[in-house]
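Since we're looking at a predicted model, the values are computed, not measured. In the text below, chain A, chain B and the rest are named by the order of the sequence lines, each starting its count at 1.
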2 protein chains.
Amino acid sequence: MDKYDCLKIENQLCFPLYACSKEIIRHYKPFLDEIDLTYTQYIAMMVLWEKKCLSVKELGSCLYLDSGTLTPVLKKLEAKGYIERKRCEADERSLNVTLTDEGEKLKDSAAEIPPKMGSCVNLSPEEAGELYRLLYKILSNVNQ
Amino acid sequence: MDKYDCLKIENQLCFPLYACSKEIIRHYKPFLDEIDLTYTQYIAMMVLWEKKCLSVKELGSCLYLDSGTLTPVLKKLEAKGYIERKRCEADERSLNVTLTDEGEKLKDSAAEIPPKMGSCVNLSPEEAGELYRLLYKILSNVNQ
DNA sequence: TGCAATTAGATTGTGTACAATGTAATTGTA
DNA sequence: TACAATTACATTGTACACAATCTAATTGCA
């Protein structure tokens, strides 16, 4: 165990996280292509399907994304007709994002994706649960 | 449990993976700034510090990255003077990537980063080990 | 109440990611 | 041994991600 061992990629925890995240997202692509969404657009829609209406700031804190990333993503979703972007009347700084009927309708096609994805992650339910717990434990710490 | 529950972001495994990966990489930034590397450049250097010399293809399979991503990353590392890129004499299609003395020297500064990062992931050694195991289990499956 | 500080989004610039395609070198085989 | 198929890398185009900065609206406090 020399002082450089910590630099070996196989001793890193961040690297398999990074690689895993990318590889799984890559496996989403063929399914997401069918409903013409990218992964980022998909997770934004996922929050909207649940919350119906929220500000860019709220969406950003759900997704760990800032306005620099979300503004163009939301403009694309608006161009596709899935959402509406409207300044909040009570506070003009804030932008309300809401689902259109088309956006709401998309939920049915999207609901077919998670079951199809399940097979690419070969973990037992217990392992998946443990992974989930560990990831959220890190996330809760990383944000103080 | 209705048919849309699978679409809730808190029921997804991919989302915390994606968010965790990004958040941890973001925490690397101040440390990586000190040695003027991005995260992608850092993991490429990590493989080189270990293997000394390898082709773009080999590097790509270590990092789960293709030439479209690696070519510009490696050109930047070459411009910084940390690596050399030279066509393989035995097979001109292949490009050999090797460390320069400057690149080798960088290893000492880089070795200070992993210990500093440890504190941002508040997992016990057992939990970190389990997370590591689960991530590599997924990675081994995702690539058939 | 006036105005400095804060806040919410948008913009800009840099750096990945990756699919699709292009090019040149090498291989396999009829 | 020609030449089609394959391989390695580079290029192009699209889409994030994020730091830094900008603008306009709102808040807080002297």
Quiz item: Between atom CD of B:E10 and atom CG of B:L7, what is the distance when rounded to the nearest 0.5 Å?
Solution: 11.0 Å
Filtered N/O pairs between nucleotides 18-25 of chain D and protein, under 3.5 Å:
| from | atom 1 | to | atom 2 | distance (Å) |
| --- | --- | --- | --- | --- |
| D:dC18 | OP2 | B:K22 | NZ | 3.4 |

Quiz item: Does the side chain of B:T100 pick up a donor-acceptor pair with the side chain of B:E102 at under 3.5 Å?
Solution: no
Self-check item: Set of residues satisfying side-chain contact (heavy atoms from CB on, under 4.5 Å) with respect to B:K76, sequence neighbours excluded
Solution: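 In terms of side-chain contact (heavy atoms from CB on, under 4.5 Å), with neighbours along the sequence ignored, B:K76 is linked to B:Q41.
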Tell me whether [X] contacts the main-chain N or O of [Y] through its side chain, where contact means a donor paired with an acceptor under 3.5 Å.
X     : Y     : value
B:Q12 : B:C6  : yes
A:E34 : A:F31 : no
B:T71 : B:G68 : no
A:D66 : A:T69 : yes
B:R85 : B:E78 : no

Less than 4.0 Å between a side-chain N and a carboxylate O, is that true for [Y] and [X]?
X      : Y      : value
B:K52  : B:E104 : yes
B:K105 : B:D101 : no
B:E127 : A:R133 : yes

Self-check item: DNA chain D contacts among residues 72-84 of chain A, heavy-atom distance under 4.0 Å
Solution: A:V73, A:K76
Quiz item: Tell me, which of residues 33-51 of chain A have any heavy atom that sits under 4.0 Å from an atom in DNA chain D?
Solution: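 Under 4.0 Å from DNA chain D: A:T38, A:T40, A:Q41.
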Quiz item: Between A:Y18 and A:L95, which is nearer to the 5' end of DNA chain C once each is assigned its nearest nucleotide?
Solution: A:L95
Self-check item: Pairwise 5' ranking along DNA chain C for A:E58 and B:I25, keeping only the more 5' one
Solution: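 Mapping each residue to its closest nucleotide by heavy atoms, the 5'-most match is A:E58.
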Quiz item: Is there side-chain contact between B:Y42 and A:F15, with heavy atoms separated by less than 4.5 Å?
Solution: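 Not in contact.
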Quiz item: Do any pairs count as a side chain to side chain donor-acceptor pair (under 3.5 Å) and have a residue in residues 13-24 of chain B, sequence neighbours left out, and if so which ones?
Solution: B:E23-B:R26
Self-check item: DNA chain C: 5'-most and 3'-most nucleotides touching chain A, 4.0 angstrom heavy-atom criterion
Solution: C:dT7 to C:dA19
Quiz prompt | Nearest-Å distance for atom pair NZ/C1', residues B:K57 and D:dT6 | solution =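 Nearest whole value for this atom pair: 11 Å.
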